[in-house]
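Note sheet for the following structure.
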Amino acid sequence: MRYDLVIFDNDGVLVDSEPISNRLLAAYLTELGHPTSYEESLRDYMGAAMHRVHDVVKERTGQALPADFDDVFHARVFAAFERDLEPVAGAVGLLEKLAADGVPYCVASSGSHERIRVGHRKTGLDRWFDDGRVFSSQDVGRGKPAPDLFLYAAERMGVAPERCVVVEDSPLGVRAANAAGMDVYGFTAMTPAERLAGATQLFSDLGELADLLV
């Protein structure tokens, strides 16, 4: 391995949650009087912590979202996860291989710890992620594109940033990895390659990733 730690984004990389959560986010914002399409939600919020949604809406409209916005949105998302969430194709095989080969890995997500855990339990990925391998933007305060989360994960895992590689599917995540001084592999299954242009390398199938990291 050319790296000492693989840091995974969660939503869209390990669990196929982006279509579910962005449809619900677009619908909820529209319901509140901020018309948003699914495509616009992907463009503006994919890979972001919830504070970005509040910030963007306030900046564009001058209006604050309701105080219970996060709670209502997460309740809708978790209910949908229980019905529909699946692991991303190739995620199980990849984690099995990394674990078998003794490659250190963790997850660093803009989502809350609760969201990560709900998704992992539903998809069965929780068997590969004990508490010491799970990091959330809740842990650092500033979400992506700030580098804080990735730097925190590296520090907690005891690996220098330049020895880490991040696996990301969002432009915000690529920017965060770049700012952290880490290589980043851009996953293009949902995101057009040109939007991940800052990545060290691009790939479209998680099944290819283990070989690319060698």
So Val167 and Asp9, do their side chains get closer than 4.5 Å, heavy atoms only? no

Can you give me the closest heavy-atom contact between Leu25 and Ser41, atom names plus distance? CD2-OG, 3.5 Å

Before giving the answer on side chain to side chain contact (heavy atoms under 4.5 Å, CB included), spell out for Phe187 and Ser204 the whole-Å C-alpha distance, their side-chain angles and the decisive distance to 0.1 Å. CA-CA 6 Å; Phe187 185 33; Ser204 61; 5.5 Å; no

Contact between Asp169 and Glu18 at the side-chain level, heavy atoms closer than 4.5 Å - yes or no? yes

Joint cluster assignment, Tyr152 & Ile116, ILVMFWY side-chain distance < 4.5 Å: no

Within a strict 4.5 Å, meaning less than it, do heavy atoms of the Met50 and His74 side chains meet? yes

Determine, using the 4.5 Å side-chain heavy-atom cutoff (strictly less than), whether Met182 and Leu172 are members of one ILVMFWY cluster. no

Can we say Asp183 and Arg2 salt-bridge, meaning some charged N sits less than 4.0 Å from an Asp/Glu carboxylate O? no

Is the closest side-chain heavy-atom distance between Val165 and Leu213 below 4.5 Å? yes

Between Leu151 and Pro161, which heavy-atom pair has the shortest distance, and what is it? CD2-CG, 3.8 Å

Exercise: identify the closest heavy-atom pair between Ala154 and Cys164: CB-SG, 3.8 Å

Sidechain-backbone polar pair: Thr30 side chain, Pro35 backbone, donor-acceptor under 3.5 Å: no

Starting from Val13, can I reach Leu202 by hopping between I/L/V/M/F/W/Y residues whose side chains sit under 4.5 Å apart? no

Can you list, pair by pair, the side-chain donor-acceptor contacts under 3.5 Å of residues 81-104, counting residues two or more places apart and other chains?
| residue | atom | partner | partner atom | Å |
| --- | --- | --- | --- | --- |
| Lys97 | NZ | Asp101 | OD2 | 3.1 |

Side chains of His113 and Asp131, donor plus acceptor under 3.5 Å: no

Output yes when Asp11 and Arg115 qualify as a salt bridge under the 4.0 Å nitrogen-oxygen rule, no when they do not. yes

Do Tyr105 and Met157 have side-chain heavy atoms sitting under 4.5 Å apart? no

Mind listing the closest non-hydrogen atom pair of Pro171 and Leu196 along with its distance? N-CD2, 3.6 Å

Please check this pair: side chain of Thr36 against backbone of Leu29, looking for a donor-acceptor N/O pair closer than 3.5 Å. no

Take His120 and Trp128, measure what side chain to side chain contact (heavy atoms under 4.5 Å, CB included) needs, and give me the verdict at the end. CA-CA 9 Å; His120 285 188; Trp128 286 284; over 6 Å; no

Is any NZ, NE, NH1 or NH2 atom of the basic residue among Asp148 and Arg142 found under 4.0 Å from an Asp or Glu carboxylate oxygen of the other? yes

Is it true that Tyr3 and Val166 fall in one hydrophobic cluster, defined by side-chain heavy atoms closer than 4.5 Å? no

side-chain contact (heavy atoms from CB on, under 4.5 Å) partners for Ser37, two or more places apart: Glu39, Glu40

So which atom in Leu149 and which in Ser109 form the shortest heavy-atom distance, rounded to 0.1 Å? CD2-O, 3.4 Å

How about Arg156: does its CZ atom have over 12 heavy atoms from other parts shown lying under 6.0 Å from it? no

Side chain to side chain contact (heavy atoms under 4.5 Å, CB included) for Gln201 and Leu212? Distances and angles first, verdict last. CA-CA 9 Å; Gln201 185 159 338; Leu212 293 175; 3.2 Å; yes

Tell me whether Thr191 contacts the main-chain N or O of Ser170 through its side chain, where contact means a donor paired with an acceptor under 3.5 Å. no

Is it true that Asn22 and Tyr45 share a donor-acceptor pair across their side chains at a distance under 3.5 Å? no

Test your reading of the model: is there a side-chain donor-acceptor pair from Thr200 to the backbone of Val184, 3.5 Å cut-off? yes

Side chains of Val174 and Arg195: closer than 4.5 Å at any heavy-atom pair? no

Pairwise side-chain contact, Lys58 with Asp55, heavy-atom cut-off 4.5 Å (strictly under): no

Using a strict threshold of under 4.0 Å (side-chain N to carboxylate O), is an ion pair present between Asp44 and Arg60? yes

Can you see which heavy atom on Gly173 is nearest to which on Phe150, and at what distance? O-CE1, 3.6 Å

Do Leu65 and His34 pass the side chain to side chain contact (heavy atoms under 4.5 Å, CB included) test, and can you show the C-alpha distance, the side-chain angles, and the key distance before you say yes or no? CA-CA 10 Å; Leu65 291 170; His34 307 290; 3.9 Å; yes

Are Ser110 and Arg52 side-chain neighbours, meaning at least one heavy-atom pair lies under 4.5 Å? no

Got more than 12 heavy atoms from elsewhere within 6.0 Å of CD, Glu59? no

Do Tyr28 and Phe69 have ring centres separated by under 6.0 Å? yes

Common cluster, Val53/Met46, ILVMFWY with side-chain heavy-atom separation under 4.5 Å: no

